[in-house]
Amino acid sequence: MMDNDTLDMLRTSLRHVLTEATNVPLADRLGELGWDEVVADDPVTALHTLFTLKGDTVSSADALGPRLAAALADALGDPQLTTATVGMESPFGPSSLTDGSLTVDAVVFTPPSDNPVVVRVDGEHLAVVVGSALTCTRLTTTDGELAQFRLTGTVPASQVQCIEGATASIAWSAMVTHGRWLLACELVGIAQHVTDSAAQYTGERIQYGKPIGTFQALQHRIATAHVLVVGAARLAEHAGHSGDEWSALVAKAVAGQAAETACTQAQQCYGAIGFTWEHEFHHYLRRTYVLDRLLGDWRSLEREIGNELMNSRHVPKIGML
Amino acid sequence: MDLSYSPEAEAYRAKVRAFLAANLPADWQGLGALAGDEAEEWADRWRDVMAKNGFLGITWPKEYGGQGLTKLEQVVLGEELARARVPQYRAVDTTNIKMLGNTLVKWGTEEQKQKYLPRILSGEDTWVQGYSEPEAGSDLASVHLKAELDGDEWVLNGQKIWTSRGMEGTAIFLLARTDKTAAKHRGITFMLCSIPTPGLEVRPIRTLTGVEEFCEVFLTDVRIPVANVVGPVNEGWKVANSLLGLERGEEAATNPIYFKAELERVIQLARDKGRINDPIIRDRLAWCHMKVEMMRFLGYRILTAVLRDGALGPEASISKLFWSEYHQVLADLAMELLGPEATVREGRRPYKHYRADEPGAANSSNSWIDVFLMNARSGTVYAGTSEIQRNILAENILGLPKEPQTNS
């Protein structure tokens, strides 16, 4: 386990790495920090810290892509897949494998080169294909700064490695669980930042001769956000330590809702300045909506939680509860 | 509540319908069916058609280019235009005709009315609003824009902000501090200033959707003739408030029509996305429908009060709070229905950056992303935040004790 001093130093270094203006890929910059050793030593603390800070600094670096590949490679016991690009659900349609060819439609954060691309086909199997066989187009996104690319193409089955059945499902679930935990951390980072920043702003902004933070209407808004943020942060922490599917599902659902609520409350506190490009808030607002929609938005996850509770007829434990 | 219209008003309705039938294309779907510059150009042309046929400023006296009609006919006109899916005028005419024009009719000198009102209707002049300042938002009465009398001119120094469509303005109406020693609400004067004027600079502000909708206005030794004061010196707060009242009243009839059309688009979106049988979605759609119906009857109450007493009743504050908070829920629902599509911008963007997107708009992700990020979310901030509306309701309507921290 990392001690507090080491953790503080790590936070400082990561904040620098996430905010410096450079074109060097995040993985290379993390490499200079000896990141692999830090992760090997205490993966939960290291990744929790990275993704929470990524949310806090609204960094657009692709940290998630490599983690999804690592989780998938680990679950499948195939080290070659650590360099893979994992395709996420595309708004334009699914990928499918029919009559001897694979049709790909997926969204990724970094364009693949000649590394493997893994996509989920027909909602069950996994297909692995070389990235250079696909067409990659940058999307105009709601976020604007977080790069997203659409991968499309049709590839003959002879060039596709297909992973089927339970192996595929189990590996994909493990990856989704890992990804949901990391996204929960990132959303918590956003929610914390936005809530703290709104609290600071209302303490400084003067109307009617007083800081607007003295008005209870705004105090209650920030307190409302804070309650959700604190709850979401604890669930995200727990999801990291337990590593189980249910905890990650609950953590992601709560974190998405917390970030959305924090943004809504904060925006009302900022007033008109919150609708401008010059204020930092819009980055956090738009990022929230994109991250929430990765690997299941909070409303869909809530439904999943409800279905699970009704089907299993018992309430699963979270932590010591 | 009396929902019946007079025979005169019904006759006017028939006239409006005949005009619309003669002037709108047979396959007209609404401004939302046109994209970008096309919508801007169409709205400009349509405004000219409205002006030439005497459908702008209809309650203004005939000698200033109006039609000398009543507020009831104004309501009928608004209803018919909304039903026919056409705008009343360009977006900037909200400040130009609705706000400044109506204020001049009420407060302007004979000379001001003769000089400005016909030019507003013809489109020669376009007036934009200079109320808010960086330090005067919710607390609008604390305007600092300094005005000092020098002979027969006021000399202005300071800044305005959130001027809607400021780059289109050929003139600006301003609230300036003319008496620093008077109580906050008493030392303000309403003034007119043409653009360009030496010392006045208009700079666009980029909004979070990347659009340059609002402006900042900087004033350095700007000289305004004393003849450009509207209403009495130091009573600009009263002048401005009568204008904010006008901003609320007319919307009562048209808001429910636009919001109903928008809800129908969301119901279509639920069908298109295969979610129409989802009980949670149906529940939320039903909730929205009930709110729009409530909005309609709230509107009738407001109209009845305006038409009977010539004044806004307490429902006016409820109305702003009601539709703006409703609209955020509706926009959330639309974004949820879009699903992963909500992360990718595609299709036409809305013509205006407040309220519902135009009738006839396709359910493109760009329409809903902008409505969600800008139109719906800003609704609880502009023209009096939800917090201010609730304060008014609690303190002025319900008679609760004033918040101890608020000075006035």
Side-chain angles (χ1 to χ4, degrees), chain A residues 88-93 107 139-144 146 148 150 205-218 220-221 260 263-264 267-287 289-294 296-300 302-303 306, chain B residues 132 134-142 161-162 184 205-214 216 278 280-281 284 328 332-333 335-336 338-346 353 365-366 368-370 372-375 377-378 380-382 385-388 390-391 394 403-408:
Chain A
M88 314 288 279
E89 184 184 4
S90 162
F92 307 99
V107 171
L139 294 167
T140 306
T141 62
T142 306
D143 185 275
L146 182 75
Q148 286 173 284
R150 182 183 181 190
R205 166 78 175 163
I206 309 286
Q207 289 284 271
Y208 302 101
K210 307 219 164 14
I212 58 173
T214 56
F215 298 118
Q216 290 196 334
L218 296 186
H220 291 181
R221 284 188 178 277
E260 189 179 300
C263 284
T264 304
Q267 192 161 25
Q268 193 66 19
C269 295
Y270 290 132
I273 195 75
F275 295 99
T276 65
W277 198 270
E278 57 199 70
H279 193 280
E280 63 164 24
F281 173 71
H282 72 99
H283 297 291
Y284 290 87
L285 175 67
R286 289 184 288 128
R287 182 63 50 86
Y289 279 86
V290 172
L291 296 183
D292 181 51
R293 276 164 173 77
L294 295 174
D297 64 275
W298 70 261
R299 287 184 194 274
S300 317
E302 222 174 47
R303 221 160 295 169
Chain B
S132 299
E135 306 307 323
S138 284
D139 186 12
L140 185 60
S142 73
I161 196 166
W162 314 126
K184 191 158 85 168
I205 300 171
R206 196 174 179 209
T207 67
L208 87 172
T209 51
V211 173
E212 291 182 345
E213 165 80 0
F214 299 105
E216 289 180 282
D278 180 333
I280 296 172
I281 296 298
R284 289 168 72 193
Q328 292 184 350
D332 276 345
L333 176 55
M335 289 291 275
E336 191 202 340
L338 280 175
E341 224 186 290
T343 60
V344 180
R345 283 189 167 277
E346 289 224 307
H353 312 289
S365 64
N366 258 337
W368 287 115
I369 291 165
D370 278 7
F372 168 77
L373 287 176
M374 188 67 201
N375 302 37
R377 304 232 148 240
S378 62
T380 56
V381 170
Y382 65 67
T385 63
S386 286
E387 284 73 16
I388 294 292
R390 286 194 166 88
N391 282 347
E403 189 161 25
Q405 291 161 322
T406 311
N407 62 19
S408 52

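Order of the sequence lines sets the chain letters (A, B, ...), proteins ahead of strands, with each chain counted from 1.
- Residue contact with chain B, scored on non-hydrogen atoms closer than 4.5 Å, is absent for A:Arg150.
- At a 4.5 Å heavy-atom cutoff, the contact between A:Leu218 and chain B is made by side-chain atoms alone.
- Distance check, rounded to the nearest 0.5 Å: CE of B:Met335 to OG1 of A:Thr142 gives 5.5 Å.
- Using a 4.5 Å cut-off between heavy atoms, B:Ala141 makes no contact with chain A at all.
- Nearest heavy atom pair, residue A:Arg205 against residue B:Gly137, reads NH2-N, 4.0 Å.
- Among all heavy-atom pairs drawn from A:Tyr289 and B:Asp332, the shortest one is OH-OD1, 4.3 Å.
- If you measure heavy-atom distances from A:Glu89 to chain B, the contacts under 4.5 Å come from the side chain alone.
- Residue contact with chain B, scored on non-hydrogen atoms closer than 4.5 Å, is absent for A:Tyr270.
- Ranked by heavy-atom pairs under 4.5 Å with chain A, the first of B:Ser365, B:Ser386, B:Ala342, B:Ser132 is B:Ala342.
- Of the listed residues B:Arg390, B:Met374, B:Arg284, the one with more heavy-atom pairs under 4.5 angstrom with chain A than any other is B:Arg284.
- The main-chain N or O of A:Glu278 is never found under 3.5 Å from a side-chain atom of B:Arg206 such that the two would form a donor-acceptor pair.
- Smallest separation of non-hydrogen atoms from B:Leu208 and A:His282: CB-CB, 3.4 Å.
- Contact between A:Thr276 and B:Ile205 at its shortest, heavy atoms only, is CG2-CG2, 3.6 Å.
- The distance from atom OG1 of B:Thr343 to atom CG of A:Leu146, rounded to the nearest 0.5 Å, is 10.0 Å.
- In this structure, chain B has heavy atoms under 4.5 Å from both the backbone and the side chain of A:Thr264.
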Intermediate values then yes/no, salt bridge (Lys or Arg N to Asp or Glu O under 4.0 Å), A:Arg303 and B:Glu336: CA-CA 13 Å; A:Arg303 221 160 295 169; B:Glu336 191 202 340; 3.2 Å; yes
side-chain hydrogen bond (donor to acceptor under 3.5 Å, both in side chains) assessment of B:Thr380 paired with A:Gln268: CA-CA 7 Å; B:Thr380 56; A:Gln268 193 66 19; 2.6 Å; yes
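- The two atoms that bring B:Asp139 and A:Gly209 nearest to each other are OD2-N, 4.4 Å, heavy atoms only.
- Contact of B:Phe372 with chain A is made through the side chain alone, with heavy-atom distances under 4.5 Å.
- Here the straight-line distance linking atom CG of B:Leu373 with atom CD of A:Gln267 works out to 8.0 Å at 0.5 Å rounding.
- How far CG of A:Leu139 is from CZ of B:Arg345: 13.0 Å, rounded to the nearest 0.5 Å.
- Of the possible polar contacts, one joining the A:Gln207 side chain to the B:Glu135 backbone as a donor-acceptor pair under 3.5 Å is found.
- Minimum heavy-atom separation, B:Arg377 to A:Phe275: O-CZ, 3.2 Å.
- Proximity to chain A is absent for every atom of B:Glu213, based on heavy atoms less than 4.5 angstrom apart.
- Contact annotation for B:Ile280: only side-chain heavy atoms (C-beta onward) come within less than 4.5 Å of a heavy atom of chain A.
- Within the 4.5 angstrom heavy-atom criterion, only side-chain atoms of B:Ile369, from C-beta onward, approach chain A.
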